[in-house]
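Some notes on the structure that comes next.
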Amino acid sequence: MDTKRSLQCNRLIGDVILLYISKEDFDAILKESLEKIWSQVRRATTELSYFFGDWTDAELRRCSIISELITFQEGDLILGDGYGKRKNAHFIVEGQCSMIQDIEVEERGNSWKLITSNDNENTDDNKRRQHIYLQTNMFSKGACFGVGELMNFIWIPTK
């Protein structure tokens, strides 16, 4: 049954900006390019069967619509120093990247102690502190990051 929706706009609250595209123009121009992008994302999710293997077609289609494939060049920064999408899950479709963590240590005689957020409250200005940048992970095709872990003081450069 093909039922038409009725729409009535009685009153505008504030300014409204609309992007208007006729159905014919959308179908002729945008639909093909959007479906191409969606199919590329769909192929990527198919290759990541560990994560997406049990998803239904409807779930994969929705994921294809709301996701985006982003290409980074060698040496680019994916996350770090306020850059990137820290609240997103990232899945490596192709290539490699590493995780570099900024850790703070404090000199304790002949050794060093890792400083945690709780230790920052009990700082001793007489102790020497140092930041160390440590590669903690190497990610390649099929890996993911940003799923549940805190991404503070983390940098993700491409390899």
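Keep in mind that the numbers below use all heavy atoms, side chains included, and drop hydrogens, waters and symmetry copies.
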note = Separation between CD (Glu59) and CZ (Phe52), nearest 0.5 Å, reads 11.0 Å

inquiry  = To check you understand the geometry: which heavy-atom pair defines the closest contact between Trp55 and Cys63, and what is its length?
reply    = CZ3-CB, 3.7 Å

ask   = At what distance, to the nearest 0.5 angstrom, does CD of Glu47 lie from NZ of Lys141?
value = 4.5 Å

task = Heavy atoms only: give me the nearest Cys97-Met138 pair and the separation to one decimal.
result = O-SD, 3.3 Å

ask   = Are side-chain heavy atoms of Leu79 and His90 found at a separation under 4.5 Å?
value = yes

ask   = Which distance, rounded to the nearest 0.5 Å, do you find between the OG of Ser98 and the CG of Asn137?
value = 9.0 Å

query = Would a hydrophobic clustering, with Ile, Leu, Val, Met, Phe, Trp and Tyr connected at side-chain separations under 4.5 Å, put Phe91 with Phe145?
reply = no

query = Distance from Asn88 atom CG to Ser67 atom OG, nearest 0.5 Å?
reply = 9.0 Å

task = Give the cluster check for Phe51 versus Ile92: same hydrophobic cluster or not, with ILVMFWY residues linked at side-chain heavy-atom distances below 4.5 Å.
result = no

query = Taking all atoms of both residues into account, what is the closest heavy-atom pair of Leu114 and Val105, and its distance?
reply = CA-CG1, 4.2 Å

request  = Treating Ile, Leu, Val, Met, Phe, Trp and Tyr as nodes and any side-chain heavy-atom pair under 4.5 angstrom as an edge, say whether Leu134 and Trp112 lie in one connected cluster.
outcome  = yes

remark   = Interatomic distance, CD@Glu104 vs NZ@Lys113, rounded to 0.5 Å, equals 10.5 Å

key: Arg42 atom CZ, over 12 foreign heavy atoms within 6.0 Å   = yes

inquiry  = Within the supplied structure, the quantity of interest is the number of heavy atoms (other residues, nucleotides, ligands) at a distance under 6.0 Å from Tyr50 OH; does it exceed 12?
reply    = no

ask   = Out of curiosity, Gln130 CD to Ile103 CD1, how far, rounded to the nearest 0.5 Å?
value = 10.0 Å

query = With the threshold set at 4.0 Å, does a side-chain nitrogen-carboxylate oxygen contact exist between Lys23 and Asp27?
reply = yes

key: Partner set under side chain to side chain contact (heavy atoms under 4.5 Å, CB included) for Phe72, not counting sequence neighbours   = Ile70, Asp76, Ile78, Thr158

query = Got a sec, which residues hit side chain to side chain contact (heavy atoms under 4.5 Å, CB included) with Leu69, two or more places apart in sequence or on another chain?
reply = Gln40, Val41, Ala44, Val93

